[in-house]
Amino acid sequence: MGSVNGDDLTKKELLSRFLQLEQRVEELEQDNAQLREKLQEKDERIEELETRLRKYENPHTPPSKRRSGTDGSPTSQDDEDDDVRTDGGTPGRKGGHDPEWRSTADPDEEIEVTCDCCPECGDHFDESVGVSPRLVEEIPDPQPPEITRYNRHYYQCDSCGTETVAAHSDCPDEGQFGVNVIAQSALSRYDHRLPYRKIADRFEQLHGLELSGASAWHATERAARAGRCEYEQIRQEIQDADVVHIDETGIKRDGEQAWIWTFQTVQHTLYAVRESRGSDVPAEVLGEDFAGTVVCDGWTAYPAFSSNLQRCWAHILREAEDAAEKQPEGEPIYQALRQLFVALQARLESDPSPRERANLQRVARRELESLIDRSVPDGPVATLLGKIERGLDHWLTFVGEPAVSPTNNAAENGLREPVVLRKIIGTLRNDRGMFVHETVLSLLATWRQQGRNPYEELRRAVSNNELISRAHAVPAVETPG
């Protein structure tokens, strides 16, 4: 059968063919629109996943928080693999550390446990042939609350008319709860991470003491107000320190962005919750005349506050490694930085003299300058070299000053507890919440650094220190007059 050409078709058939083609084009356009919509959804999903991945895989994420390279997730492990870590490590201490055994306490009481006859045949025993000792440690049964009424006598001076109310060390200045309740409330909140409602439940379950979650909050606030004078003492010690590690991380205040800062020395830790992330916070806490060395990351607030800095090598090495993975020109730069850092640490282990340190510092600076002078295309490596150049005066402070650490690990470790609490609390409600948060966290961290018992220290602070008024319970640190 021959082919059909346009001359053989009638107008009616041509119109029918044209309408069919129009309908087909419309169907294809609809299919194309649906495909574009699905593609847009996939692009948005990819962007969302990449954003989430960057939280765990970027040069600013410490190794302890980076995701494992393994495919399996912790929830997909079999029951027998519960003890297997997913970050590539193994349970327990790292190799090279001595084992630590729990010390055995001396018994307060000895009980002889005997048996009269054989449980199998009933034959009577004459005497034991040995002793199988077992130490059992137990705590006393929970005790009900003790209720004491303090009849506080008051007096009026005949000479000046001043009225005085007698005080007792076990009678708090305000409220109906004693020293132990106040100390345990604060410790339960900031050491055991319990919500205030759970703290109230714990008191009722263990001691039959009825109080609400709001009462637990007020008890914790009184602990903070009693300990604020020691908070100021910690701040003074840090102001006078030669080296201070500083770091900051986000926290919410009434749902809005705020920041919790940590200022840490060998013996003291101070937290400050502020709505600012600028240089005004270090200036407020440390004082504008602070003369020590600040160990920090690359945040711009630090060079705006002080010129005597030590930039963190752990950060710059992670950034260099990340740049090397993204751009081939970064690999030799990363290796050179890494080798320089290892060589400096090895050389400093021999405790060189000040003159040797100064010479080592000059040689290391020339090494950094040679890296900066390299010609590289725009991209992550160029950005990395720009960071090294901007911090050139602050990478090698640790070489000349023996007390300065080359990394800011101390401050980063100091933020771990506030970060865990942030995940539990969610947001601080107001200025009073910020005040309690920074005060109690600072006291507990400092007491642990100094090997002191936090519960005993809380009891001491509540018993001995004068409560500041609620009007002064604000997060801002008062500058000395």
Walk me through whether Y190 and H437 qualify under ring-ring contact (aromatic ring centres under 6.0 Å, His included). CA-CA 8 Å; Y190 284 97; H437 201 70; 5.4 Å; yes

Any Lys/Arg nitrogen of R459 or E456 sitting under 4.0 Å from an Asp/Glu carboxylate oxygen of the other? yes

Side chain to side chain, [X] and [Y], heavy atoms closer than 4.5 Å:
| X | Y | result |
| --- | --- | --- |
| L211 | I199 | no |
| P172 | V179 | no |
| D247 | D297 | yes |
| E412 | H245 | no |
| L309 | P303 | yes |

For the CD atom on E256, are there more than 12 heavy atoms of other groups (residues, nucleotides or ligands in this structure) within a distance under 6.0 Å? no

Donor-acceptor pair, distance only, cut-off 3.5 Å: does the side chain of [X] make one with the backbone of [Y]?
| X | Y | value |
| --- | --- | --- |
| D116 | H124 | no |
| Q310 | S405 | no |
| Y271 | G414 | yes |

Please test R235 against E230 for salt bridge (charged side-chain N to carboxylate O under 4.0 Å, His left out), starting from the C-alpha separation and ending with a verdict. CA-CA 9 Å; R235 180 176 76 102; E230 297 191 26; over 6 Å; no

Is the NZ or CZ atom of R274 positioned over W259's six-membered ring, under 6.0 angstrom from the centre and within 45° of the axis? no

